[in-house]
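Okay, so here's the structure we're looking at.
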There are 2 protein chains.
Amino acid sequence: MVNQFIKKLQGFVELTAADIRALEEATGRPQTFPPRTDLIREGDQPGPVLVVLEGWAFRYKVLPNGTRQIIAFLIPGDCCDLNISMLAEMDHSIQTATHAQVSKIESTVLTDLMTNHPRIARAMYVAQLIDESTLRAWIVSLGRRSSAERVAHLLLELYIRGVRTGLANRDELELPISQTVLADALGMTPVHVNRMLQDLRRSGAIELKRGLLRILGPEILTRISGFDDNYLHRRLRAYN
Amino acid sequence: MVNQFIKKLQGFVELTAADIRALEEATGRPQTFPPRTDLIREGDQPGPVLVVLEGWAFRYKVLPNGTRQIIAFLIPGDCCDLNISMLAEMDHSIQTATHAQVSKIESTVLTDLMTNHPRIARAMYVAQLIDESTLRAWIVSLGRRSSAERVAHLLLELYIRGVRTGLANRDELELPISQTVLADALGMTPVHVNRMLQDLRRSGAIELKRGLLRILGPEILTRISGFDDNYLHRRLRAYN
DNA sequence: CTCCAACGTAAACATATGTTATTGACCTAC
DNA sequence: GTAGGTCAATAACATATGTTTACGTTGGAG
């Protein structure tokens with residue numbers, strides 16, 4: 001089975017055979033987790049860096065009133081913050097959305113990877129920059145887009161990220177999350193997410209059933225959401 | 001005049017005299033900019049790292065419909081992303097809110113700082129982690145807090161950050177931004193920001209006039225916003 | 001095969017927030 | 001000192017989204 005993490009990093013830099021071997025060594029023994037499992041909780045002391053090899057997970061925070069806001073989706077190939085162990089405690093939690101295979105990279109191993117494999121270091125920094133850019137894009141969506149725009153924007157984002165990692169075939173992406181989860185990511189209620197999805201179906205932009213999303217009219221989604229993919233940084237600066 | 005950037009980094013790690021000299025050298029010749037000046041624009045090729053020594057600035061994005069969302073405030077001591085030059089173009093803009101003194105650190109100088117001064121490197125990574133954590137906290141606010149809660153939360157955040165950098169004396173913080181700017185940060189309209197500020201004044205939580213914010217009832221703001229300062233990471237993991 | 005829980009769908013109604021407009025205070029340029 | 005622009009304050013009204021409730025479907029556990 002392909003190691004999605006390595007595949008993703010290869011999209012950023014050209015890795016040597018030695019780089020790849022080191023990454024395989026570091027992520028070779030993933031653990032399997034059932035859905036709805038917290039991999040790490042807010043308040044915990046940060047431990048090893050998590051890398052999602054299969055399945056979906058998400059970062060989230062729970063508010064005093066019990067509501068939840070999802071902050072980011074982690075799809076195969078994604079990993080959590082690099083230097084996280086410098087902080088005394090986690091400021092958010094990470095939970096699996098589906099069955100997931102996750103590798104944990106101990107900080108000693110990570111340090112070794114970063115210092116002895118400059119291309120890996122660079123690729124991981126790029127990945128981190130893109131994650132941060134995505135956080136900014138979410139702030140923009142939550143702050144200034146209507147709910148219809150937000151839904152369209154998120155579906156397009158996930159689709160494009162899926163294409164990038166080979167998760168999407170043609171116009172199809174497996175979207176293994178409930179409308180409640182979507183709602184917690186979009187800052188709306190599940191009822192309203194449902195309304196907006198119905199609108200998108202009626203407009204012919206998407207088909208969505210049983211966890212399978214089909215993008216029938218990408219241009220419709222782009223128009224509705226005002227999508228600009230620059231925040232996903234598909235072009236990078238050449239490696240000096 | 002104190003170099004707020006050095007002061008901030010000293011809050012994270014113990015710097016040696018040599019570290020401080022290197023930082024003074026790197027940020028010693030700041031440029032002055034008038035208010036409302038774009039320091040860098042979305043789409044530009046990333047250049048040197050920006051460090052704000054005096055005055056306020058903010059990161060923002062403009063949407064196709066012309067509305068603006070502010071993504072982060074940069075107060076004295078703050079700097080922008082470290083590895084930003086790995087990306088081909090900026091995904092957002094940065095603008096001064098007031099007269100500001102800004103130093104630009106060329107990437108060669110930065111690389112030198114990071115490789116030859118491990119304490120500086122560590123401090124800058126911590127700063128970056130906290131910035132990222134703050135992005136997540138903003139997502140939570142925009143997604144799941146009411147407008148009253150959001151206003152209270154932002155004021156408290158700015159006040160706490162101000163205290164941390166010595167910008168705030170006692171219960172006072174200079175808040176040199178208009179309600180329109182606040183609105184663009186909070187994802188609401190200026191009219192509604194005004195309503196919420198009035199409510200906060202009436203509740204005795206704050207006083208705010210001519211750019212001077214007074215926190216009269218921090219506990220009121222905390223209660224209203226459900227504020228938890230963990231995302232600002234005032235405690236750090238001990239340096240191995 | 002059946003039951004149960006989670007999920008998706010829908011309608012009716014409530015409300016938080018946006019929209020538009022007006023006015024006065026303040027500041028800066030001249 | 002005056003003019004013009006930005007900003008804060010407030011009111012009346014519009015609407016997007018939340019709330020509550022109900023019901024049928026789906027899928028997994030036993």
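In this text, all values refer to a predicted model and were calculated from it rather than measured experimentally. We name chains A, B, ... by the order of the sequence lines, and we start the count at 1 in each one.
Contacts of A:Gly187 with the nucleic acid, taken as non-hydrogen atoms under 4.0 Å apart, involve only primed sugar atoms and P, OP1 or OP2.
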Along nucleotides 23-30 of chain D, 5' to 3', which nucleotides get a B, which get an S, and which get a -, given that the test is a protein heavy-atom distance under 4.0 Å?
-> ----S---
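Residues satisfying the side chain to side chain donor-acceptor pair (under 3.5 Å) test with A:Gln198, not counting sequence neighbours, are A:Arg201. Legend: residues meeting side chain to side chain donor-acceptor pair (under 3.5 Å) with B:Gln128, ordered by chain and number and at least two apart, are A:Glu132. With sequence neighbours excluded, no residue forms a salt bridge (charged side-chain N to carboxylate O under 4.0 Å, His left out) with B:Arg170. In this view, B:Asp44 satisfies the salt bridge (charged side-chain N to carboxylate O under 4.0 Å, His left out) rule with no residue, not counting sequence neighbours.
Sorted by first and then second residue, the ring-ring contact (aromatic ring centres under 6.0 Å, His included) pairs with a member in residues 185-229 of chain B read B:His153-B:Phe227, B:Phe227-B:Tyr231; sequence neighbours excluded. Pairs engaging residues 216-230 of chain A under the salt bridge (Lys or Arg N to Asp or Glu O under 4.0 Å) rule: A:Asp229-A:Arg234 [sequence neighbours left out]. Sequence neighbours left out, the pairs with a member in residues 143-154 of chain B that pass salt bridge (Lys or Arg N to Asp or Glu O under 4.0 Å) are A:Asp184-B:Arg144.
Looking at residues 175-184 of chain A, you'll see A:Ser178, A:Gln179 sit with a heavy atom under 4.0 Å from some atom of DNA chain C.
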Give the table of side-chain donor-acceptor pairs shorter than 3.5 Å for residues 205-216 of chain B, with sequence neighbours excluded, one pair per line with atom names and distance.
none

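Taking 4.0 Å as the cut-off between side-chain N and carboxylate O, B:Asp78 and B:Arg59 do not count as a salt-bridged pair.
Among D:dG18, C:dT9, C:dT17, the nucleotide with an atom closest to any side-chain atom of A:Met188 is D:dG18.
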Look for any protein N or O under 3.5 Å of an N or O in nucleotides 10-16 of chain D and output each such pair with its distance, or none.
from: D:dT10; atom 1: OP2; to: B:Gln198; atom 2: NE2; distance (Å): 2.8

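A donor-acceptor contact closer than 3.5 angstrom links the side chains of A:Glu157 and A:Trp138.
Direction of the helix axis in the helix from C:dC1-D:dG30 to C:dC30-D:dG1 shifts by 50° between the two five-pair termini, rounded to 10°.
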